[in-house]
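Everything on this sheet refers to the single structure shown next.
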Amino acid sequence: MKASKFYVLILIVLVAGLLAACGSDTPATDETPDAPQATHTSAPDPTATTAPTSMVVCLGETPNTLYPYGNPNAAAQEVLQALYDGPVDHRGYEYQPVILESLPDMEAGTAVMQTVQVQAGDTVLDSQGNVTELALGTFVRPSGCFSGECARAYNGEPLEMDQMVALYTLRSDVLWADDTPVTAQDSVYGYTLNAAPETPADKYRVERTLSYEAVDESTTKWTGIPGFIDPEYQNNFWIPAPQHAWDSLSPAELATNQNAAQTPLAFGPFMVSDYQADTITLVRNTSYFRAVEGLPLIDRLQFRVVGQDPDLNLDMLKTGECDVLDPSAAAGIDVAQVISAMGNGELFSSFANDNGWMLLNFGIQPLSYDDGYSFWAGDRPDYFSDVRTRQAIAMCIDRQAITDEITLGVAPVMDSYVTPDHPLFNAEGAAYAYSPTDAGELLDEAGWVLNTEGMRAASQIEGVRDGTPLSFTFLYPEHPQTEQIAAMIADNLAGCGIEAVPTSMPAEELFATGEEAPVFGRNFDMVLYAWQSSEEPACHLFLGDAIPGEDEDLFPYKWGGWNASGWANEDYDTACKSARGSAPGQSSYQQDHAAAQAILMEEVPMIPLFTYQHAALARVDICGLQLDPTAGFMWNAEYLAYGDVCP
């Protein structure tokens with residue numbers, strides 16, 4: 001994703017539904033048909049087995065296509081997880097092989113970073129992350145360079161760049177539902193379909209792929225374009241497509257073919273037996289490579305579109321018309337209702353981190369300071385340049401109590417921009433537990449001492465007039481729950497003798513850009529908002545060159561910058577850029593991500609609060625349901641069951 005887009009990711013996470021419980025995973029696209037109204041009719045009994053077992057999964061939106069390269073929406077992807085097992089599961093922020101023998105690995109030698117010589121006209125990734133044709137003056141990263149700091153302009157002389165290569169080996173027992181073996185060539189065929197201009201699939205990986213080829217019947221080889229260091233290279237195995245069944249159709253024909261969109265040939269635990277506008281019925285795939293293990297556990301899996309009426313959907317779950325509500329069908333159901341129903345033994349819920357997190361941002365370097373700070377010239381008092389003040393404010397805020405109040409304890413408190421369940425979270429970094437006493441000691445050290453009225457005021461702070469109160473405006477976007485959070489924070493800070501005045505603004509005004517804008521014009525004291533989550537640690541959010549400003553020499557992204565705090569740290573920038581320019585398996589990848597977090601957690605340019613959550617809800621005797629922050633909830637469809645069918 002281009003850096004210039006990062007600032008808009010704040011946006012509607014905090015105004016688009018339940019703040020921290022059962023939010024929708026992905027909004028419906030314009031071309032998705034409207035979800036029909038739910039009907040209170042029981043699913044028909046399965047007929048094909050002696051002891052038939054059936055499960056009904058209720059969806060909040062209509063699947064748009066089951067053609068895996070047809071740009072399927074979130075609901076369609078849930079169905080596809082039952083049709084195509086893997087090929088690679090992305091679970092717990094890490095990749096795991098499913099129909100592969102193992103994942104490519106640098107230590108094992110199945111993934112390598114090789115050096116190649118490039119010349120004018122070659123397709124490369126430039127230092128800004130853009131796919132381009134190498135030409136005189138193109139800024140690129142030479143071999144061994146993993147950040148923009150060491151990039152240089154191509155001058156026509158021989159140049160070496162890094163290139164990633166990875167090998168993927170299929171299991172030998174994977175079959176299509178018609179008993180035809182799934183081969184490496186099927187994966188290459190999938191890549192060919194993905195790459196075709198007529199295919200509506202995303203082209204990000206294709207554009208960064210130099211070649212994808214079958215080495216033999218079971219092995220594919222991916223080669224990236226020079227300069228593309230892909231942290232997700234373990235997942236660059238294309239979903240196999242049944243070439244023997246589809247080869248007579250062109251990519252353009254497949255993109256609109258009804259059979260491909262509704263009854264694609266499967267190699268997973270289930271296959272489609274019936275496709276209707278509001279109901280898709282899957283049955284057991286007897287050719288599934290894990291059938292010998294008795295998987296899947298149930299005979300039939302039915303997806304029913306019920307829309308997004310929270311009261312109706314919860315009632316349908318309680319009455320047994322739905323066995324499972326997917327996150328979009330559970331959207332809008334109040335977390336208190338969920339926890340109450342769980343306590344009454346009426347349902348089971350599985351929560352996972354969703355697509356956003358809440359934070360407090362300090363206005364450390366306001367725009368008015370760019371020409372030099374002067375309290376006497378009318379600049380706002382320098383409240384936050386001393387790290388001790390920022391650390392103390394973090395300890396003044398009872399983040400656990402706020403999280404418990406807003407999410408009823410469902411969401412975890414964050415100490416970094418990385419969620420605590422992420423494998424790259426730095427658990428050794430500084431953390432700031434609620435402690436007004438310790439906070440008061442730090443504030444005293446920083447020169448903010450209590451006056452006779454119990455308020456903090458400046459005493460011998462350089463550049464701040466003695467007696468200046470620690471009193472500032474605290475912005476937040478208009479929304480009932482952000483208002484509640486802001487009020488709790490203001491109360492907490494008042495307990496430390498700090499006056500933070502909560503002030504709401506419409507989101508479109510608060511998050512505008514330009515010199516006069518509150519947040520991205522750097523004209524604020526403190527602000528509460530949300531960032532969209534990313535699977536890779538989001539250290540880029542606080543890079544020094546991402547600070548918004550007018551002078552392009554100082555602020556490369558000008559008013560498109562997103563680091564509104566104005567905080568900059570060279571060591572942090574170096575660690576972050578190196579981490580983002582490397583890949584799993586390289587020693588610098590984990591070390592640099594940990595180093596960047598350690599610096600930010602010590603410096604506290606912002607205070608992370610909690611992550612958004614979404615939920616899958618189910619009948620109380622469900623087994624196998626594990627909503628995952630990166631894999632969703634159908635990643636182990638073969639293990640879904642209930643009652644006596646459970647192992």
Side-chain angles (χ1 to χ4, degrees), residues 6 9 90-95 106-107 146-147 149 229 231-232 234 352-362 364 387-388 390-395 397 399-400 402-403 411-435 438-439 442 530-546 562-563 565 567-613 628-630:
F6 288 140
L9 297 180
H90 191 192
R91 187 155 62 96
Y93 306 97
E94 296 184 303
Y95 292 106
M106 290 190 180
E107 289 187 7
F146 299 117
S147 75
E149 307 295 332
I229 312 303
E232 301 179 358
Q234 292 181 315
N353 295 332
D354 197 10
N355 61 352
W357 57 289
M358 186 69 71
L359 71 152
L360 278 169
N361 215 353
F362 290 107
I364 298 172
V387 66
R388 294 172 297 182
R390 304 196 299 268
Q391 292 170 341
I393 289 176
M395 288 189 286
I397 299 172
R399 294 179 297 142
Q400 186 65 64
I402 291 171
T403 301
V413 172
M414 295 178 68
D415 291 307
S416 168
Y417 48 78
V418 180
T419 56
D421 62 339
H422 197 293
L424 291 174
F425 170 65
N426 185 354
E428 304 300 319
Y432 303 94
Y434 178 57
S435 178
D438 292 338
L442 267 183
W531 274 120
Q532 184 170 333
S533 297
S534 61
E535 294 169 12
E536 185 179 4
C539 61
H540 62 276
L541 296 177
F542 306 99
L543 288 171
D545 58 12
W562 55 90
N563 179 5
S565 70
W567 175 78
N569 182 290
E570 290 184 4
D571 291 337
Y572 174 86
D573 288 356
T574 298
C576 175
K577 291 177 180 179
S578 178
R580 290 179 64 81
S582 55
Q586 293 181 284
S587 59
S588 61
Y589 182 72
Q590 188 159 353
Q591 293 172 4
D592 288 336
H593 272 305
Q597 287 179 72
I599 294 168
L600 182 135
M601 294 164 81
E602 181 69 27
E603 288 284 312
V604 203
M606 60 87 189
I607 302 173
L609 298 178
F610 55 81
T611 64
Y612 288 92
Q613 300 286 293
D628 186 89
T630 48

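For this chain, numbers begin at 1 and follow the sequence in order.
Within 6.0 Å of CD on E536 lie more than 12 heavy atoms contributed by other residues, nucleotides or ligands.
For Q597 and S416, the side-chain atoms include at least one donor-acceptor pair closer than 3.5 Å. A donor-acceptor pair shorter than 3.5 Å can be found between the side chains of T611 and Q613.
The line from OG1 of T403 to CE of M414 is 10.5 Å long, rounded to the nearest 0.5 Å. Residue I393 holds its CD1 atom at 4.5 Å from CZ of F362, rounded to the nearest 0.5 Å. The structure places OH of Y93 at 3.5 Å from OG1 of T419, a figure rounded to the nearest 0.5 Å. Rounded to the nearest 0.5 Å, atoms OG (S147) and CZ (R580) are 12.0 Å apart. For the atom pair D415 CG and L609 CG, the distance stands at 10.5 Å (nearest 0.5 Å). In this structure, CE in M606 is found 9.0 Å from CE in M601, a value given to the nearest 0.5 Å.
In terms of modelled atom types and a separation under 3.5 Å, the side chain of Y417 and the main chain of W357 share no donor-acceptor contact. Between the side chain of R399 and the backbone N or O of V413, no donor-acceptor pair lies under 3.5 Å. Proximity of a side-chain donor or acceptor of D573 to a complementary backbone N or O of L543 within less than 3.5 Å is not detected. Between the S582 side chain and the S578 main chain, a donor and an acceptor come within less than 3.5 Å of each other. Without hydrogens or angle criteria, W562 side chain to H540 main chain gives a donor-acceptor distance under 3.5 Å.
Of all heavy-atom pairs between A568 and G544, the closest is CB-CA, 3.9 Å. Nearest heavy-atom pair, M395 versus A439, reported as atom, atom and distance to 0.1 Å: CB-CB, 3.9 Å. Between K577 and E149, the shortest heavy-atom contact is NZ-OE2, 2.8 Å. Between E602 and V387, the closest heavy-atom pair is O-CG2, 3.5 Å. The heavy-atom pair separating Y589 from A583 by the smallest distance is CB-O, 3.3 Å. A pairwise comparison of heavy atoms in Y434 and I397 identifies CD1-C, 3.7 Å as the closest pair.
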Given H593 and V418, is the side-chain contact (heavy atoms from CB on, under 4.5 Å) satisfied, shown in steps?
CA-CA 10 Å; H593 272 305; V418 180; over 6 Å; no

Between W567 and Y572, is a ring-ring contact (aromatic ring centres under 6.0 Å, His included) present by the stated rule, with each step listed?
CA-CA 11 Å; W567 175 78; Y572 174 86; 5.1 Å; yes

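Checking each of H422, E94, H90 against T630 for a side chain to side chain contact (heavy atoms under 4.5 Å, CB included) leaves exactly one that passes, namely H90.
D421 meets the salt bridge (charged side-chain N to carboxylate O under 4.0 Å, His left out) test with no other residue; sequence neighbours excluded. Partners of E232 by salt bridge (charged side-chain N to carboxylate O under 4.0 Å, His left out), not counting sequence neighbours: none found.
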